[in-house]
Amino acid sequence: MTTELKNVSVLFVCTGNICRSPTAEGMFRKMVENSTLAGQVDIDSAGTHGYHVGSPPDARSIEHAAKRGIDITGLRGRQVGISDFERFDYILVADQPNMKFLHGICPTRLQHKLEYLLDYGSDEDKFEVPDPYTGDPDDFETALDLIKDGCEGLLEYFVDQRRSGLSSLANKK
């Protein structure tokens with residue numbers, strides 16, 4: 001018996017929505033499109049602050065993502081809104097300052113949706129993706145490696161949930 005899988009929604013969050021979160025959105029979108037979950041996961045990204053609303057991702061993020069076959073040129077920065085807490089099943093945050101910010105604005109009944117992206121990563125000692133914005137090219141590569149690890153773990157988690165026969169991936173771990 002095959003269980004119909006309901007869509008699940010994921011929001012990736014960083015500070016300005018021009019480096020880490022759009023990279024995660026683009027990377028996870030590509031992973032999902034190439035998986036058995038294609039068409040079943042809604043993916044978006046946002047920033048906790050409105051510094052870059054309407055702007056494309058940072059040119060360095062675009063460049064480093066492109067080296068890995070990920071096109072994020074069409075994405076535009078936006079700020080997290082209160083409606084996002086209702087809309088998304090998973091709100092995956094890059095680092096502790098942004099998690100603290102989101103906890104401050106998220107309704108208490110929805111705070112279970114807030115997690116670190118690296119909660120799904122393979123290294124239990126890492127929970128933050130450092131912001132590469134003020135760094136050098138190596139910092140962008142490090143961020144990409146960590147984002148990839150978290151996204152792979154998230155995809156594996158969703159696939160395992162589906163394999164377990166759950167009708168909705170929105171069930172939390």
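Every value quoted in this text rests on a predicted model; they were computed, and no experiment measured them.
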(message) Using 0.5 Å steps for rounding, measure from the CE atom of Met31 to the CG atom of Leu37.
(response) 12.5 Å
(request) Measure the spacing between OG of Ser35 and CD of Gln40 and express it to the nearest 0.5 Å. (result) 8.0 Å
(message) For Asp95, is there an ion pair with Arg20 - N to carboxylate O distance below 4.0 angstrom?
(response) yes
(request) Report whether Ile18 and Ile43 are members of the same hydrophobic cluster (ILVMFWY, side-chain heavy atoms less than 4.5 Å apart, transitive linking). (result) no
(request) Using side chain to side chain donor-acceptor pair (under 3.5 Å) as the criterion, list what pairs up with Asp58, not counting sequence neighbours. (result) Arg60
(request) Run the salt-bridge test on Glu141 and Lys148 with the 4.0 Å N-O cut-off and return the result as yes or no. (result) no
(message) Is there a path of hydrophobic side-chain contacts, each under 4.5 Å between heavy atoms, that joins Leu110 and Ile91?
(response) yes
(message) Quick one, Val41 and Val10 - any side-chain contact, counting heavy atoms below 4.5 Å?
(response) yes
(request) In plain terms, say whether Arg109 and Glu86 are close enough for a salt bridge, that is, a side-chain N and a carboxylate O under 4.0 Å apart. (result) yes
(message) Less than 4.5 Å apart, side chain to side chain, heavy atoms only: is that true for Ile105 and Phe85?
(response) yes
(request) State, to 0.1 Å, how close Cys106 and Leu114 come at their nearest heavy-atom pair, and which atoms those are. (result) CB-CD1, 4.1 Å
(message) Nearest 0.5 angstrom please: Asp123 CG to Leu146 CG, how far?
(response) 8.5 Å
(message) Centroid separation under 6.0 Å, is that true for the rings of Phe158 and Tyr90?
(response) yes
(request) Please examine the side chains of Pro97 and Thr48, heavy atoms only from C-beta on, and report whether any two atoms are closer than 4.5 Å. (result) no
(message) Between Asp136 (side chain only) and Asp139 (backbone N and O only), is there a donor and an acceptor less than 3.5 Å apart?
(response) yes
(request) To the nearest 0.5 angstrom, please state how far the CD atom of Glu25 sits from the SG atom of Cys14. (result) 11.0 Å
(request) For the residue pair Thr15 and Tyr51, establish whether any side-chain heavy-atom pair is separated by less than 4.5 Å. (result) yes
(request) State whether Lys126 and Asp145 are salt-bridged, where the test is any N-O pair (Lys NZ or Arg NE/NH1/NH2 against Asp/Glu carboxylate O) under 4.0 Å. (result) no
(message) Can you tell me how far apart OG1 (Thr23) and CG (Asn17) are? Round to the nearest 0.5 Å.
(response) 9.5 Å
(request) For residues Cys19 and Phe140, report the shortest heavy-atom separation together with the two atoms involved. (result) SG-CE2, 4.0 Å
(message) By the definition side-chain contact (heavy atoms from CB on, under 4.5 Å), identify the one residue from Ser61, Pro56, Pro57 that meets it with Pro22.
(response) Pro57
(request) To the nearest 0.5 angstrom, please state how far the NE2 atom of His52 sits from the CZ atom of Arg76. (result) 13.5 Å
(message) With heavy-atom distances below 4.5 Å as the criterion, would you say the side chains of Glu156 and Glu152 are in contact?
(response) no
(message) Quick check: do Lys113 and Phe88 have side-chain heavy atoms less than 4.5 Å from each other?
(response) no
(message) Would a single hydrophobic cluster contain both Val53 and Leu11, if residues Ile, Leu, Val, Met, Phe, Trp and Tyr are joined by side-chain heavy-atom contacts under 4.5 Å?
(response) no
(message) For Ala46 versus Gln79, what's the shortest heavy-atom pair and its separation?
(response) CB-C, 4.1 Å
(message) Salt bridge or not between Arg87 and Asp44? Use side-chain N to carboxylate O under 4.0 Å.
(response) yes
(message) Hydrophobic clustering (ILVMFWY, side-chain heavy atoms < 4.5 Å, transitive) - are Ile147 and Tyr133 grouped together?
(response) no
(request) Indicate, with yes or no, if Phe28 and Val8 share a hydrophobic cluster defined by side-chain heavy-atom contacts under 4.5 Å among Ile, Leu, Val, Met, Phe, Trp and Tyr. (result) yes
(message) Quick test of your reading of the model: are Glu33 and Arg29 salt-bridged, counting only N-O distances below 4.0 Å?
(response) no
(request) Take Glu115 and Leu154, measure what side-chain contact (heavy atoms from CB on, under 4.5 Å) needs, and give me the verdict at the end. (result) CA-CA 11 Å; Glu115 298 179 272; Leu154 180 63; over 6 Å; no
(message) Do Leu118 and Val129 make a side-chain contact, defined as non-hydrogen atoms from C-beta onward lying under 4.5 Å apart?
(response) yes
(request) Side-chain contact test, heavy atoms from C-beta onward, threshold under 4.5 Å: evaluate it for Tyr120 versus Leu92 and give yes or no. (result) yes
